[in-house]
Amino acid sequence: MKAEKIIFAMNDIKDDYVAEYAEKSKPVKPKASHHFRTWSIVAACLALVIICTPTLIHIFNSSEIDDPKAGAQYEFSSYAELYSALPDGNIIANIPNSKDATISAYVICPEGTTDFTDYNNYSYLNVDVSYQDGTGVNIFCEVSSENTAKEEIDSKPLKYPSEDVSMTTVSNCDIYYLSYDNGSDNVNIAVFSVEGSLYELSTTTFNQQELIQYISDMFG
Amino acid sequence: MDDREIIALYFKRLESAITETAKKYGNYCFSISHNILRNCHDAEESVNDTYLQTWNSIPPTKPNCLSAYLAKIVRNISLNRIKSQNTQKRGSGEYELVYEELEGTISSSQSVEDLVDEISLRDLINRWLDTLSPEQRMVFVGRYWYFDSISTISAKMDFSDSKTKMLLLRLRNDLKEYLESEGIHL
């Protein structure tokens, strides 16, 4: 039983250590074609220098900062930056006790987008909220969703088994919520739609009542 | 497809996320599970359970290292599976050998459960791993995290089998000493 305890405790060692061993490749044994390989490497390096020189010169001469790549994720540097990009009345602007929280957020936009300050360009907005007392909530918003909350629930039976989903109403908005065990934590999820956007709040630190209260606070 | 793109698929709730995960990490997850379970069918089921658990946990989780995230899930699922299978009889293969090695290292009449909770033990093991050289750490992780055989580890590290065995023995003794120095008298 002691060994078993250690075996299970080891499951949570740092990701770096798990990856370190996985990424360690088998050593290559020296072969007879040693000289050929050495000269091949030298030739490849020379070719690389010739090919890369113009690019390197361009990079070192350029003082401009590249825009975020279109279609890529864009991470906000602060909650203030996200806040300024949100339209009036968006509930993410009303994160409860935001001053006591560490908030990180990023968006995913359609291909071709360069203006990440325009909320209308967002496809998905993800906000992680962590409070000093260890509690936290993840807010995932699909902007201009084709689905209502009910349709979203019905279309994902794997994630939202119908028999587990409950419903309540907050500020005339139907909130669908459920709990499930992800193997290590009990996760509470709430899904709802506001003005065409679909929101999913999930937390492992609030119970269902606290999560509903949290949403209620966001609605003001 | 790189990990960021795969994670983005999970966030978009596209089922291709699972396909891409299986394409990139299916064999990796299978080998971890198979090392523990030594049964292809059970290992395949554990890998499928891993995909489901990953689908259910991303979002909200956004893993920093997708490979390690998957590896931890499949390891945990496989260990729980072997634990439930082996209520009557303990397992076979590397799991059995690893179990005996660690059981031998920590010989005491007092149970570990009485001494330290799982979170403290996890933190202590992480801190102890911090003190090792990368070479020592990889050998220990290869054996006691991945359940790789001595010969697999030796080949990977370019060591002889006897060197790997000796290193593992020293590391087990070192871990025991470390735990004792942290107040866990075993």
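Order of the sequence lines sets the chain letters (A, B, ...), proteins ahead of strands, with each chain counted from 1.
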Heavy-atom proximity to chain B below 4.5 Å, by part of A:Tyr17 | both
Check B:Lys72 against A:Ile13 and note the closest heavy-atom contact, atom names and distance.
-> NZ-O, 2.6 Å
Measure distances from B:Pro134 to the heavy atoms of chain A and classify the residue's part below 4.5 Å as side chain, backbone, both or neither.
-> both
Taking the side chain as C-beta and beyond, is there a heavy-atom pair between A:Asn11 and B:Arg122 under 4.5 Å?
-> no
Do A:Tyr106 and B:Phe11 have side-chain heavy atoms sitting under 4.5 Å apart?
-> yes
Between A:Glu20 and B:Val141, is any pair of side-chain heavy atoms under 4.5 Å apart?
-> no
Euclidean distance, B:Ile58 CD1 relative to A:Asn138 CG, rounded to 0.5 Å | 11.5 Å
With only heavy atoms counted, which part of B:Ile77 is less than 4.5 Å from chain A, the side chain, the backbone, both or neither?
-> neither
Name the member of B:Ala71, B:Ala68, B:Pro63, B:Pro59 that forms the most heavy-atom pairs with chain A at distances under 4.5 Å.
-> B:Ala68
Measure the CD1-CD1 distance between B:Ile125 and A:Ile6 for me, rounded to the nearest 0.5 Å.
-> 5.5 Å
Within the distance-only criterion (no hydrogens, no angle test), does the side chain of B:Trp145 pair as donor or acceptor with the backbone N or O of A:Met10 below 3.5 angstrom?
-> yes
Within a reach of under 6.0 Å around CE of A:Met167, are more than 12 heavy atoms found that belong to other residues, nucleotides or ligands?
-> yes
How would you list, in number order, the residues of residues 79-87 of chain A that have a heavy atom less than 4.5 Å from chain B?
-> none
What salt bridge (charged side-chain N to carboxylate O under 4.0 Å, His left out) pairs are there with at least one residue in residues 188-213 of chain A, not counting sequence neighbours?
-> A:Lys159-A:Glu200
Would you indicate whether the side-chain heavy atoms of A:Tyr124 and B:Arg13 approach each other to under 4.5 Å?
-> no
With the threshold set at 4.0 Å, does a side-chain nitrogen-carboxylate oxygen contact exist between B:Asp130 and A:Lys14?
-> yes
Going through the checks in order, is the side-chain contact (heavy atoms from CB on, under 4.5 Å) test met by B:Tyr146 and A:Tyr21?
-> CA-CA 9 Å; B:Tyr146 282 94; A:Tyr21 181 77; 3.3 Å; yes
Could you give all pairs that pass the salt bridge (charged side-chain N to carboxylate O under 4.0 Å, His left out) test and reach residues 16-25 of chain B, with sequence neighbours left out?
-> B:Asp3-B:Lys24, B:Glu20-B:Lys23
B:Leu79, part contacting chain A, at a heavy-atom distance under 4.5 Å = both
Does anything in residues 144-154 of chain A pair up under salt bridge (charged side-chain N to carboxylate O under 4.0 Å, His left out), and if so which pairs, sequence neighbours excluded?
-> A:Lys150-A:Asp154, A:Glu152-A:Lys156
State whether A:Glu23 and B:Lys156 are salt-bridged, where the test is any N-O pair (Lys NZ or Arg NE/NH1/NH2 against Asp/Glu carboxylate O) under 4.0 Å.
-> no
Answer yes or no: does atom CG of B:Asn27 have more than 12 heavy-atom neighbours from other residues, nucleotides or ligands under 6.0 Å?
-> no
Taking C-beta and beyond as the side chain, do A:Ile7 and B:Tyr144 meet within less than 4.5 Å on heavy atoms?
-> no
A:Glu142 and B:Lys12: CA distance, side-chain angles, deciding distance, side-chain contact (heavy atoms from CB on, under 4.5 Å) verdict | CA-CA 8 Å; A:Glu142 184 180 347; B:Lys12 289 177 188 174; over 6 Å; no
A:Asp16 versus chain B, the contacting section by heavy-atom distance below 4.5 Å = neither
